[in-house]
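Below you'll find the structure, written out as structure tokens, and then a few comments.
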Amino acid sequence: MKSPFIYSDDNKRYHTYNYYLRHRFSQKVFKVSLDAGFSCPNRDGSKGVGGCIYCSDKRSGDFAGNSCDDIEVQFNKVKEVLHKKWSDAVYIPYFQAGTNTYGDFSRQKELFERALNFKNAVGLSVATRGDCIDERTADLFYELSKDKYVTIELGLQTIHDSTAKLINRCHSYEDFLKGYNLLKERGINICVHLINGLPYETIDMMIETVKEVAKLEPHTMKLHLLHVIRGTALEKLYEQKPFHVFELEEYAELICDQLEIIPPQVVIQRITGDGVKEDLVAPLWSLKKFCVMNEIDKELLRRDSWQGKKCDLLL
């Protein structure tokens, strides 16, 4: 069944990243995850130690390249595999692991400029935090975005500072907004990362987070499912003070509730998350990514709903 949603060529009832990239570049586009070895201010003692409690030693870069390799080597290894299947594809180098605007500014600038000049690179994505964006960094991204498609991905996870303290995020929602606004003022594309299912948060709190972020009208959003990963501080908390972990049906319903209040022009990069099978403690159903996405599609169809159907309620 053809979707009634305006930003769809198929059955999808939300604004997928695949749809956006295909219409913008008129060909297949892939993000290539890189690990430049950057740390985080809540890992090295600057603001905290240990990192966010859900984060593994790979610094949220479980599927990124090997940080021991040069970033161009990392990029080419992934590109060569994908190129065998999609010979006409183009790529977006994605600095995924760690906080990629934290550390030596000169090195950041050199790496980002190099990546933008990789063969068949049409853009750049950089993962970081709102509290690690300053005027100089924002100005750099403004210059880089003049010629190519640049997106800065900000890990927020929740607007609730009580939860932020629990997960050891080490910066407030106000800190996030300061960095967000520095980018927004310059017209830079922003992706906001959110996590559903953080310990002890209620459904209402998760809905409130999406409502507030939707009002900011970012270019894209990522809606992640919390993964309990082996060897993390979150696993210890899960064992010692158990918190609710979503069932598949619950999660699909929540995502649909959230999609309904997100403006239709906001691109949805993710509606779930990938986990490494050997490391995942819970929820194990999330390993079947396409089943999760199908459940969300079916729930939207059952409701006869789509992204933004209820976003007028935000006005």
Side-chain angles (χ1 to χ4, degrees), residues 33-68 94-100 102-103 127-132 153-173 175-176 192-202 205-206 209 222-248 250-251 254 269-289 292:
S33 295
L34 306 172
D35 186 345
F38 289 109
S39 184
C40 294
N42 61 347
R43 275 185 175 271
D44 65 5
S46 173
K47 290 191 173 182
V49 294
C52 295
I53 64 172
Y54 51 76
C55 196
S56 71
D57 291 338
K58 297 175 183 177
R59 295 161 289 116
S60 294
D62 296 270
F63 298 97
N66 187 334
S67 62
C68 294
Y94 174 29
F95 288 82
Q96 180 183 23
T99 300
N100 292 280
Y102 179 66
T128 185
R129 301 153 45 115
D131 63 327
C132 292
E153 305 196 9
L154 300 180
L156 173 62
Q157 324 315 355
T158 177
I159 66 166
H160 302 287
D161 286 344
S162 57
T163 306
K165 184 176 181 179
L166 174 66
I167 65 175
N168 197 41
R169 193 179 69 191
C170 297
H171 70 286
S172 67
Y173 183 47
D175 294 330
F176 163 84
V192 181
H193 293 219
L194 302 177
I195 294 180
N196 286 312
L198 291 168
Y200 319 118
E201 282 207 345
T202 64
M205 291 171 74
M206 298 172 213
T209 287
K222 285 184 176 180
L223 304 177
H224 281 272
L225 167 68
L226 179 70
H227 288 151
V228 181
I229 302 297
R230 206 173 309 282
T232 62
L234 182 67
E235 182 192 19
K236 293 181 181 178
L237 180 65
Y238 185 59
E239 291 173 349
Q240 296 170 4
K241 297 181 180 179
F243 52 87
H244 179 69
V245 173
F246 279 111
E247 297 295 339
L248 174 55
E250 286 181 291
Y251 185 71
L254 171 63
Q269 283 205 39
R270 280 185 176 273
I271 53 171
T272 182
D274 295 317
V276 178
K277 183 178 181 179
E278 294 75 19
D279 297 337
L280 185 65
V281 175
L284 295 178
W285 55 260
S286 66
L287 291 169
K288 298 179 179 179
K289 181 178 177 180
V292 180

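Starting from 1, each residue takes its place in the sequence as its number.
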How many angstroms lie between atom [atom1] of [X] and atom [atom2] of [Y], to the nearest 0.5 angstrom?
X	Y	atom1	atom2	value
His244	Glu201	NE2	CD	13.0 Å
Gln157	Asn196	CD	CG	10.5 Å
Arg230	Leu280	CZ	CG	8.0 Å
Leu156	His193	CG	NE2	10.5 Å
Leu225	Ile271	CG	CD1	11.0 Å

Heavy-atom closest pair, residues [X] and [Y]:
X	Y	value
Pro242	Tyr200	O-CE2, 4.0 Å
Asp131	Cys170	OD2-O, 4.2 Å
Cys40	Tyr102	C-CE2, 3.6 Å
Tyr54	Ile195	CZ-CD1, 3.8 Å
Cys52	Arg169	SG-CA, 3.9 Å
Arg129	Lys47	NH2-CD, 4.4 Å

Asn42 side chain to Asn168 backbone, donor-acceptor under 3.5 Å: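 A pair under 3.5 Å: yes.
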Donor-acceptor pair, side chain of Thr232 and main chain of Cys55, under 3.5 angstrom: no
Should [X] and [Y] count as side-chain neighbours, where that means a heavy-atom distance under 4.5 Å?
X	Y	value
Tyr173	Thr209	no
Leu154	Thr128	yes
Thr99	Phe38	no

Set of ring-ring contact (aromatic ring centres under 6.0 Å, His included) partners for His160, sequence neighbours left out: none
For Asn100, all residues meeting side-chain hydrogen bond (donor to acceptor under 3.5 Å, both in side chains), sequence neighbours excluded: none
Chi angles and distances behind the side chain to side chain contact (heavy atoms under 4.5 Å, CB included) call for Tyr238, Leu226: CA-CA 12 Å; Tyr238 185 59; Leu226 179 70; over 6 Å; no
Donor-acceptor pairs under 3.5 Å, side chain of residues 281-289 to any protein atom, not counting sequence neighbours: which ones?
| unit_1 | atom_1 | unit_2 | atom_2 | d |
| --- | --- | --- | --- | --- |
| Trp285 | NE1 | Phe246 | O | 2.9 |
| Ser286 | OG | His227 | NE2 | 3.3 |
| Ser286 | OG | Pro283 | O | 2.7 |
| Lys289 | NZ | Asp274 | OD1 | 3.4 |

Result of checking Ile53, Ile229, Leu198 against Leu234 for side chain to side chain contact (heavy atoms under 4.5 Å, CB included):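 Considering Ile53, Ile229, Leu198, a side chain to side chain contact (heavy atoms under 4.5 Å, CB included) with Leu234 is found only for Ile53.
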